[in-house]
Amino acid sequence: MGRSLCWCHPRGLRAVSTARWIVGLTGGIGSGKSAASDRFGERGAAIVDTDLIARQLTAPGGAALPAIRAAFGDAVIAADGALDRDAMRALVFAHPAERQRLEAILHPMIRTESDRQCVEAETPYVVLVVPLLIESGTYRQRCQRIAVVDCEAAVQVARVMRRSGLPAAQVEAIMAAQLPRADRLAAADDVIDNSGDLDHLHQQVDALHLQYLRLASA
Ligand SMILES: CC(C)(COP(=O)(O)OP(=O)(O)OC[C@H]1O[C@@H](n2cnc3c(N)ncnc32)[C@H](O)[C@@H]1O)[C@@H](O)C(=O)NCCC(=O)NCCS
Ligand SMILES: Nc1ncnc2c1ncn2[C@@H]1O[C@H](COP(=O)(O)OP(=O)(O)OP(=O)(O)O)[C@@H](O)[C@H]1O
C-alpha cells in the first residue's frame, strides 16, 4: 500500500493514502450487504456503496438521467424527474439486453464516483460495497480482500419480499442476473454467514473489523 505525505493540504501536513486498503463486500440481492456494511461503518470503516451511488445518479437531477432518458425514453422517468425504478426493474430483469444498455450508462459513472470516494476516505481501510463485485474484473482488481455476505436463496427471497414487497418471481429474476452462490463463495477470502439473527452477523463483522485493521496496517 502506497503512502505519501501531502505538504500542501489546507489543513496542514498529514499522511494521505495513495492506494487505500480496500475490502470488497458483496453478496446476492437481500443477502445482507447493507446490514453488514452498516456495522462496519459503526466500527469506524469508511463505506463506499455502489447501490447508493447508483441511486444518487438516478435521483431527481441525477447525472445519469439525460443519458437514460435518451436511451429508454420518457416511460422510465417518474413524475418527479427521477428514474422510475419499478418500471426499470421490470424492464431490465426481464430483458438482458436492456440491462446491459442500462449498465453501459451507469457502470462507468458508478466506477468514477466510487474511485473518488475510496481515494478521499481517511479511515484505515474502506469497505467497497458492490453487488456485482465478482462479476467485474475492475472492482476485483481494486480490492485487497473480498468478503461475501451469504445466506440460503430462500432466505434472500423472503427478506427482500418482506422489505420491498416485491413478488417472489421478481426477486428470483434479479437473482438469475447474478452470479450463482457457489461461484461467489469460491471467490471469497472471508464469508459472513447471515443466515442467523443480526447479533450473529454483528459478531462476525466485529471480528473481521479487527482483522482488517491488522491487515491494513501491516
Ligand atoms: C434496475 C434498478 C433501477 C432497480 O432499482 P431497485 O430500487 O429495485 O434496486 P436497487 O438499486 O436498490 O438494487 C438492489 C439490488 O438489486 C441487484 N441489482 C441491481 N442492479 C443489478 C444488475 N445490474 N445486475 C444484477 N443485480 C442487480 C443488487 O443485488 C442490488 O443490491 C437498479 O437496480 C439499477 O439502477 N441497476 C443498475 C445499476 C447497477 O448495476 N447497480 C449495481 C451496483 S454496481
Ligand atoms: N440477520 C438478519 N435477520 C433478519 N433480517 C435481516 C438480517 N439481515 C438483513 N435483514 C433484513 O433483510 C433485508 C435485506 O438486507 P440488506 O438490505 O442488508 O441486504 P442487501 O444485500 O443490502 O440487499 P440488496 O441486494 O437489495 O441491496 C433488510 O430488510 C434487512 O433489514
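Note that ligands are numbered from 1 as they come in the structure, with each ligand's atoms numbered from 1 the same way. We count residues from 1, following the sequence as given.
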Ligand-residue contact atoms, ligand 1 with Val92, heavy atoms, under 4.0 Å: 1 (C)

Any Gly30 heavy atom less than 4.0 Å from ligand 2: yes

Ligand 1 contact on Leu106 by region, counting heavy-atom pairs under 4.0 Å: side chain

Joint hydrophobic cluster, Leu91 plus Ile77, side-chain heavy atoms closer than 4.5 Å: yes

Proximity flag Gly28 to ligand 2, non-hydrogen atoms under 4.0 Å: yes

Side chain, backbone, both or neither: Leu83 near ligand 1, heavy atoms under 4.0 Å: side chain

Electrostatic pair Arg181:Asp150 at N-O distance under 4.0 angstrom: yes

Heavy-atom nearest neighbour in the protein, as seen from atom 6 (C) of ligand 2, with distance rounded to 0.1 Å: Arg159 NE, 3.7 Å

Ala36 heavy atom under 4.0 Å from ligand 2: no

Where Ile47 and Ser37 come nearest, the two heavy atoms and their spacing: CD1-O, 3.4 Å

Contact check, Val130 vs ligand 1, heavy-atom distance below 4.0 Å: no

Nearest protein heavy atom with distance in Å, relative to atom 18 (O) of ligand 2: Ala35 N, 2.8 Å

Closest protein heavy atom (residue, atom, distance) for atom 4 (C) of ligand 1: Arg89 CB, 3.9 Å

Region of Leu198 that comes within reach of ligand 2 [heavy atoms, distance under 4.0 Å]: both

Under 3.5 Å: donor-acceptor pair, side chain of Gln156, backbone of Gly30: no

ILVMFWY network linking Val160 to Leu179, side-chain heavy atoms under 4.5 angstrom: yes

Where ligand 1 meets Leu132 - atom numbers and elements under 4.0 angstrom, heavy-atom basis: 22 (C), 23 (N), 24 (N), 25 (C)

Candidate pair Arg142 and Ser114, rule side-chain hydrogen bond (donor to acceptor under 3.5 Å, both in side chains), full reasoning: CA-CA 11 Å; Arg142 284 193 212 163; Ser114 59; 3.2 Å; yes

Backbone N/O of Thr123 and side chain of Arg20: donor-acceptor pair under 3.5 Å: yes

Nearest-neighbour protein heavy atom for atom 31 (O) of ligand 1, which is reported as residue plus atom name and distance: Asp51 OD2, 2.6 Å

Numbered atoms and elements of ligand 1 in range of Glu103, under 4.0 angstrom, heavy atoms: 22 (C), 23 (N), 24 (N)

Test item: protein heavy atom less than 4.0 Å from atom 30 (C) of ligand 2: no

Exercise: identify the closest heavy-atom pair between Leu198 and Ala35: CD2-CB, 4.1 Å

Leu132 reachable from Phe93 in the ILVMFWY side-chain graph, under 4.5 Å edges: no

Residue Asp197 vicinity, atoms of ligand 2 by number, heavy atom under 4.0 Å: 1 (N)

Side-chain (Ser164) to main-chain (Met161) donor-acceptor, under 3.5 angstrom: no

Contact check, Asn194 vs ligand 2, heavy-atom distance below 4.0 Å: yes

Protein heavy atom at shortest distance from atom 25 (O) of ligand 2: Lys33 NZ, 2.7 Å

Atom 15 (C) of ligand 1: nearest protein contact (heavy atom, Å): Ile29 CD1, 3.9 Å

Proximal ligand 1 atoms for Arg55, defined as those under 4.0 Å from one of its heavy atoms: 7 (O), 10 (P), 12 (O)

Closest protein heavy atom to atom 2 (C) of ligand 1, given as residue, atom name and distance to 0.1 Å: Arg85 NH2, 4.4 Å

Over all atoms of both residues, closest heavy-atom pair of Pro131 and Asp51: CG-OD1, 3.4 Å

Residue, atom name and distance, where the atom is the protein heavy atom closest to atom 20 (N) of ligand 1: Phe93 CZ, 4.0 Å

Shortest non-hydrogen contact from Cys151 toward Asn194: CB-O, 3.6 Å

Cluster check Ile146, Trp21: I/L/V/M/F/W/Y, side chain < 4.5 angstrom: no

Ligand 2 N/O within reach of Gly32 N/O, cut-off under 3.5 Å: yes

Sub-3.5 Å N/O-N/O distance, Tyr139 and ligand 1: no

Closest protein heavy atom (residue, atom, distance) for atom 26 (N) of ligand 1: Gln178 NE2, 3.0 Å

Protein heavy atom at shortest distance from atom 40 (O) of ligand 1: His107 NE2, 2.7 Å

From the candidates Leu102, Val171, Asp49, the one that places a heavy atom nearest atom 34 (C) of ligand 1: Leu102

Under 3.5 Å donor-acceptor, Gln211 side chain and Ala207 backbone: no

Heavy-atom closest pair, residues His209 and Phe40: N-CE2, 4.1 Å

Which residue and heavy atom of the protein sit nearest atom 27 (O) of ligand 2, plus the separation: Asp51 OD2, 3.4 Å

Ring geometry between Tyr212 and Tyr125 (parallel below 30°, tilted from 30 to 60°, perpendicular above 60°): perpendicular

Atom of Cys118, atom of Ile22 and distance for their closest heavy-atom approach: SG-CD1, 3.8 Å

Ligand 2 contacted by Ser31 (non-hydrogen, < 4.0 Å): yes

Per-atom contacts of ligand 2 with Ile29, taking only distances under 4.0 Å to non-hydrogen atoms: 25 (O), 26 (O)

Co-membership, hydrophobic cluster, residues Ile134 and Leu208, 4.5 Å side-chain: no

Nearest-neighbour protein heavy atom for atom 17 (O) of ligand 2, which is reported as residue plus atom name and distance: Arg163 NH1, 3.0 Å

